[in-house]
Amino acid sequence: MRKVVGVIVGMIAGGTLVGMVEGLGHVLFPLPEGVDATSIESLKANMDKIPLGSMLFVLLGWAVGSVAGSAVAVWISRSSIVPGLIVGGILMAGGIANMAMLPHPVWFSVAGCLVFLPSAWVGAQMVRQKAD
């Protein structure tokens with residue numbers, strides 16, 4: 001039961017941090033005039049105008065969320081790193097869904113696929129090393 005609770009709470013923590021970091025990126029690097037962030041069609045039509053800084057903050061958010069969510073999952077579960085990697089995998093599925101819905105540059109798609117699981121592994125290892 002601790003593993004399930006760990007994954008659930010880890011997802012909440014990780015998802016919250018992803019949203020916070022992405023939100024900070026949007027404040028620092030606002031969308032261009034006329035781009036409606038609430039419209040998938042508007043975003044699709046204007047992805048080539050999204051500032052690089054905003055895209056980098058999305059990747060940073062995905063990394064930070066994966067590290068933190070994984071660490072929380074492993075800490076709560078008091079078990080192996082598996083709950084943390086599950087959190088990273090679920091977050092990665094969300095990132096892939098985002099990349100499937102919106103046309104991202106190739107470099108972003110590659111980085112996006114590579115950021116989640118290594119970040120989740122780092123978060124899990126941080127907690128495991130403290131426990132040892």
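Worth saying up front: this structure is predicted, and the values here are computed from it rather than measured. Numbers for residues simply follow the sequence, beginning at 1.
M11 and V115 fall within the same hydrophobic cluster, defined by Ile, Leu, Val, Met, Phe, Trp and Tyr side-chain heavy atoms under 4.5 Å apart, directly or through other members. M47 and L59 fall within the same hydrophobic cluster, defined by Ile, Leu, Val, Met, Phe, Trp and Tyr side-chain heavy atoms under 4.5 Å apart, directly or through other members. Transitive grouping of hydrophobic side chains (ILVMFWY, heavy atoms separated by less than 4.5 Å) brings V122 and L85 into a common cluster. Placement of W62 and I50 within a single hydrophobic cluster is found when ILVMFWY residues are connected by side-chain heavy-atom separations under 4.5 Å, directly or transitively. I8 and V5 end up in different hydrophobic clusters when Ile, Leu, Val, Met, Phe, Trp and Tyr side chains are linked at under 4.5 Å.
The shortest distance between side-chain heavy atoms of V7 and I90 falls below 4.5 Å. Annotation: side chain of P118 is not in contact with side chain of S66 (no heavy-atom distance under 4.5 Å). Side-chain contact between C113 and M92: absent, with no pair of heavy atoms (C-beta onward) separated by less than 4.5 Å. Taking the side chain as every heavy atom from C-beta outward, V64 and V18 never approach each other to under 4.5 Å. Contact check for S54 versus H26: side-chain heavy atoms found under the 4.5 Å cut-off. You'll find the side chain of M55 reaches within 4.5 Å of the side chain of H104, heavy atoms only.
G84 and A120 make their closest contact through O-CB, 3.6 Å (heavy atoms, listed as atom of the first residue, atom of the second, distance). Annotation for S70 and G123: closest pair OG-C, 4.0 Å, computed over non-hydrogen atoms. Residues T38 and D36 approach most closely at OG1-OD1, 2.6 Å, considering heavy atoms.
In terms of modelled atom types and a separation under 3.5 Å, the side chain of S77 and the main chain of V74 share a donor-acceptor contact. Between the R78 side chain and the R2 main chain, no donor and acceptor come within less than 3.5 Å of each other. Between the side chain of R128 and the backbone N or O of S79, at least one donor-acceptor pair lies under 3.5 Å.
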Between V67 and M126, is the side chain to side chain contact (heavy atoms under 4.5 Å, CB included) condition met? List the steps. CA-CA 9 Å; V67 169; M126 288 171 27; 4.3 Å; yes
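Atom-to-atom distance recorded for L52:CG and F108:CZ is 10.5 Å, nearest 0.5 angstrom. Note: L91 CG to L17 CG = 10.0 Å, rounded to the nearest 0.5 Å. Atom CG of N46 is separated from atom CG of L31 by 9.0 Å, given to the nearest 0.5 angstrom. Separating the OG atom in S80 from the NZ atom in K3 is a distance of 5.5 Å, to the nearest 0.5 Å.
Residue M99 qualifies as enclosed at atom CE: its count of foreign heavy atoms under 6.0 Å is above 12.
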